[in-house]
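Following: one structure in structure tokens, then a few remarks.
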Number of protein chains: 4
Amino acid sequence: MAQVKYQEIIEEIFNELKAKPNKGKVATYIPELGIVSAEKFGVYLRTVEGESFFYGDSNVPFSIQSIAKVLSLALAYKTDGAKLWKRVGVEPSGNPFNSLIQLEYDCGKPRNALINAGAIVICDVLMSQYEDAPAVLLDFIRTASGNSSIEYDMRIAQSEKSQGFRNMALVNFIKSFGNIKNDSEKVLDFYFNLCSIKMSCKELAETFVFLANNGRNLELNRDILTSSETKRLNAIMLTCGFYDEAGDFTYKVGLPGKSGVGGGIVAVYPNNYSIAVWSPKLNKKGNSYLGMKFLERFTSETGLSIF
Amino acid sequence: MAQVKYQEIIEEIFNELKAKPNKGKVATYIPELGIVSAEKFGVYLRTVEGESFFYGDSNVPFSIQSIAKVLSLALAYKTDGAKLWKRVGVEPSGNPFNSLIQLEYDCGKPRNALINAGAIVICDVLMSQYEDAPAVLLDFIRTASGNSSIEYDMRIAQSEKSQGFRNMALVNFIKSFGNIKNDSEKVLDFYFNLCSIKMSCKELAETFVFLANNGRNLELNRDILTSSETKRLNAIMLTCGFYDEAGDFTYKVGLPGKSGVGGGIVAVYPNNYSIAVWSPKLNKKGNSYLGMKFLERFTSETGLSIF
Amino acid sequence: MAQVKYQEIIEEIFNELKAKPNKGKVATYIPELGIVSAEKFGVYLRTVEGESFFYGDSNVPFSIQSIAKVLSLALAYKTDGAKLWKRVGVEPSGNPFNSLIQLEYDCGKPRNALINAGAIVICDVLMSQYEDAPAVLLDFIRTASGNSSIEYDMRIAQSEKSQGFRNMALVNFIKSFGNIKNDSEKVLDFYFNLCSIKMSCKELAETFVFLANNGRNLELNRDILTSSETKRLNAIMLTCGFYDEAGDFTYKVGLPGKSGVGGGIVAVYPNNYSIAVWSPKLNKKGNSYLGMKFLERFTSETGLSIF
Amino acid sequence: MAQVKYQEIIEEIFNELKAKPNKGKVATYIPELGIVSAEKFGVYLRTVEGESFFYGDSNVPFSIQSIAKVLSLALAYKTDGAKLWKRVGVEPSGNPFNSLIQLEYDCGKPRNALINAGAIVICDVLMSQYEDAPAVLLDFIRTASGNSSIEYDMRIAQSEKSQGFRNMALVNFIKSFGNIKNDSEKVLDFYFNLCSIKMSCKELAETFVFLANNGRNLELNRDILTSSETKRLNAIMLTCGFYDEAGDFTYKVGLPGKSGVGGGIVAVYPNNYSIAVWSPKLNKKGNSYLGMKFLERFTSETGLSIF
């Protein structure tokens, strides 16, 4: 794929989008997200051959929020294997209005591990497996990213917690069905930690490139997941990675990916590359306005997608 | 891909599955489905290079039912382009319990074109475009399949109609929101025609191979859809093709596809092949029990999937 | 109760309310309702001793709409007895958003006979009992009202039918669960007939006074229902008579009653009187704005309610 | 009403019911409820003239559970007046499946004060009014009952709390909409206290007789509520007092009342009497099996109901 002019295409789309009005809105439900400069915009692409292409604010760390749910899922899946699917499904979730009625209908089993309810169950699963699950997960993330300085951001975690009534409702509702084994509040503390991680586009792309590389970490030349596990994780990202916009992202971009309310999006083109985009202003569905536009244009212009 | 031993793998998996008990159940809500021999089992694979591999009852016609919804969507998308998405979404639908509340929440706009509600809207769209929409669609299907003898099966259509109270509820409910423009009963007649088509695995694979071939029909060497339209149709099949089991199919099989209540499944591996499997006994979610198992095994053993 | 100055109180409240702005809006979903003069306002009270008190447009006929559902229920209950409750419940229905999901949850059994779904089932029940159910019901209503000139208004019925997609959805949805035995369209035609009846406040009060009189018609001195049946019908009106405002009406007015989208309300004070109010402008819940206010004031000032 | 032979009728129905098999089941979700003797059965009727009629285990204290919600509502209504209805509705709640989706639809405002969600909001309202709300409420209950030894049962409250995940979900869900002002856990502690109160049938009937007496306490000859407040509280009990069986109770019994999962039911016949029944085995809707049957028979045989 060396013949594809990634850098050229990235810069062209980036500059075009930058020149137009950004119709998104920065998330403000916690102050830490609101204080980020709304104009930030960065892209980083990492190929499985080890090449890198980047532009804009690709080195600025930001709150990756829900993107981290892919990593906690990866660790839980690696640890528990297919029996994990007794606790959480692999089906897309439909609109947010349905989240609670769906949990009720499914007797406390979240539709998938990338919505809040499912990520909370994943935290619980990890806590049952590991004495100090937050430390084990952090270690796993540091290994995947090749960056030992990645930390939970306690200020963000605390801020989330102070507004986390809906998540507190979720964890207790699931526990009422017996699908949370540990103490509700501790599970939620872990969950808020998980969502507090900060990375730059560069770090995100470097962390996620193993999913484009059949599970193998490029730097360490070591398997994070098996090839089969990797395919399945990518499948879950494809159908469940964008909340109520999962179908739209698949339709327009055609790659497995995951977004966060901090404005980050990471996507994976199996056997080829990982790519991270960041722009804090969100569209109505809570996904980065520019990030979505960028990736749609990018896969169109490169002519590369899994379809 | 010539090196992959498709025929060998097909036969091996087929015979292994055939030897085990089939836990599925034949659909019986209309008599025409119930009278099919439950033991039928056939596979047909067609590559974009024009090779064919098949086994079992691959030449026996059966009721393709909802698989036909991909073809009506293809025609409507080709005709109306992206403005079609104002009438019907591209998002997966969640569990069936939600179907009506979701329609209410979304003001009569079905989540996607491959669930009943959406396919009914597609019929309405085609009726507004063409004076004799059923004939135009039949012509489109005959062209795609290269088989001019394909027909609506009036006995099946009539049988569906006599039990079609829920679909009659759907079409009227959608019409109450203004998203059906033609007469409810006529729209439904067209819809029941659409679902009445019979094809063999061979015909299905030959019809759908254009979706593996960037939209180009192999026999005619003519584009049915553009390359971009084809990718998007594949994306919709991936996220929406298996009702409440779409995520599970993507997770286990990793290919875009569509199932029908007659026990047929068609799947597409872009740039490589189309494959059709048929076995009438269904699992609890209404998809062919053996068909699902076969395809899961097949993509695992060939090591080929879009992820 | 002769000592209560009904006439004085009626006039006083009537004139006070008439002097203030009316914040309601006339229903316009069918033209026949929109052409009614929005300023009409009438009251008629009929005691079980045979006295009458009235004011304003109490003699002007209007479309009683859903109020007629009490009468079809009375006839079905008289005919079928308690086995009727296998087909339709006696529970309030919650908000309209839930109507369809509730039907799904309850497998096609409507919550009560005074919401659309339930009244449609009642029509079906009557059609299974009587060869010409519309004629039998009309006869029953004429007897109860003592007015042999009451007729279905075919123009209104036709107008309802031309907009009746949601009701067509309801009847077919219920039929898909097996709880409609007759042809959907014929059941609906009967239902639209039922809702097309016109009465004046005087006729309404005279018709409904048997519910205040232990089931006995005052004029004929004949039982329409038994005393026990009457109590139960009043109980159903109390909990189910005002859609999503049933609790509020009970809380504020404290009498069993039933409203119609034509702006009429009838209420019953057991052992004392029936009262009908009419003013076409509706509040947000679809009940007469002035009618609700009038009855609240009326039971407060007379100090009479069932509580 | 002295001519009605209450004692005779009570004994007759009691003995008849006692002789038949009891098809209910004792609630066991907390151990404290499971250890109660399932065969207990008591009745106590108290007229506004001060007469008493009783039979069976009418003097044995039991956990009144949700019946206490009427008393917390009475205090909150007395304190806050009609502005209370901005925080909680007066509408029946429909089936339990809907509880959460209804809260979502209504933006965190519970349908009424007698379901769990609403009673929790009432606790929050009282906590905002009174520095030591639990003490103030206990005082109010002691006054109404004329029994200064009534206490919260800490063992029951603790037991409820240890299983209270669904209620913890509820309070946090409501708080996420801003309709809980105090700390979630403290609100819930108060709520569990409220539900832990124990009374005998005698105490219940004596406590609730003020609702049959226009708000006036018989012993103290002092108003607990005004006459108008009393009517409205009775109206709310009638439409909302029996969860998903409110319509059925109104239909069969025809009196305002409230049930508890401990097997108690209290009902009020305005201007006449209060009556308490207790039998621990519950029907499928969670209301006392024998209690429901007793009251249905009782109002039928006395011929007295509000309708």
Side-chain angles (χ1 to χ4, degrees), chain A residues 77 82 85 89-99 101-102 104-106 111-114 211-212 214-215 227-256 268-271 285 296 299-300 303-307, chain B residues 77 82 85 89-99 101-102 104-106 111-114 211-212 214-215 227-256 268-271 285 296 299-300 303-307:
Chain A
Y77 184 32
W85 314 129
V90 296
E91 296 297 335
S93 57
N95 64 55
F97 192 86
N98 282 327
S99 59
I101 203 172
Q102 215 151 30
E104 179 123 37
Y105 182 75
D106 294 333
R111 296 277 293 179
N112 66 68
L114 300 181
L211 290 173
N214 289 298
S227 170
S228 163
E229 288 165 350
T230 303
K231 284 175 198 286
R232 287 167 190 240
L233 209 61
N234 287 338
I236 294 170
M237 277 205 287
L238 193 81
T239 46
C240 314
F242 289 82
Y243 306 105
D244 197 29
E245 210 173 24
D248 198 52
F249 189 78
T250 301
Y251 170 79
K252 286 182 180 158
V253 178
L255 296 179
V268 165
Y269 184 27
N271 304 313
K285 303 280 181 133
E296 180 181 3
T299 52
S300 287
L304 303 172
S305 92
I306 60 174
F307 301 109
Chain B
Y77 185 31
W85 314 128
V90 296
E91 296 297 335
S93 57
N95 63 56
F97 192 86
N98 283 326
S99 59
I101 203 173
Q102 216 150 28
E104 177 124 36
Y105 183 74
D106 294 332
R111 296 278 291 179
N112 65 67
L114 300 181
L211 290 173
N214 289 299
S227 170
S228 162
E229 287 165 350
T230 304
K231 283 175 199 286
R232 288 166 189 240
L233 209 60
N234 285 339
I236 292 169
M237 277 204 287
L238 193 82
T239 47
C240 314
F242 289 81
Y243 306 107
D244 199 27
E245 211 172 24
D248 198 53
F249 188 79
T250 301
Y251 170 80
K252 286 181 178 158
V253 178
L255 296 179
V268 165
Y269 184 26
N271 303 313
K285 302 281 180 133
E296 180 179 3
T299 52
S300 287
L304 302 172
S305 92
I306 60 172
F307 302 110

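Looking only at heavy-atom pairs under 4.5 Å with chain B, the residue among A:Thr239, A:Asn234, A:Val90 that has the most is A:Val90. In terms of heavy-atom pairs under 4.5 angstrom with chain B, the leader among A:Gly89, A:Gly254, A:Ala246 is A:Ala246. Ranked by heavy-atom pairs under 4.5 Å with chain B, the first of A:Ile236, A:Leu238, A:Asn214 is A:Leu238. Chain A forms the most heavy-atom pairs under 4.5 Å with one residue out of B:Glu91, B:Glu245, B:Lys252, and that residue is B:Glu91.
Ring planes of B:Tyr251 and A:Tyr77: tilted class, angle from 30 to 60°.
Proximity to chain A is absent for every atom of B:Ser228, based on heavy atoms less than 4.5 angstrom apart.
Shortest non-hydrogen contact noted between B:Lys231 and A:Gly303 is NZ-O, 3.7 Å.
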Q) Are A:Phe307 and B:Thr230 close enough, and set up right, to give a side chain to side chain contact (heavy atoms under 4.5 Å, CB included), and what steps lead you there? A) CA-CA 8 Å; A:Phe307 301 109; B:Thr230 304; over 6 Å; no

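Annotation: the span from A:Met237 atom CE to B:Thr250 atom OG1 amounts to 13.5 Å, rounded to 0.5 Å. Expressed to the nearest 0.5 Å, how far CD1 of B:Ile306 lies from CG of A:Leu255 amounts to 10.0 Å.
For the side chain to side chain contact (heavy atoms under 4.5 Å, CB included) test with A:Pro92, the passing option among B:Ser93, B:Pro92, B:Cys240 is B:Pro92; the others fail.
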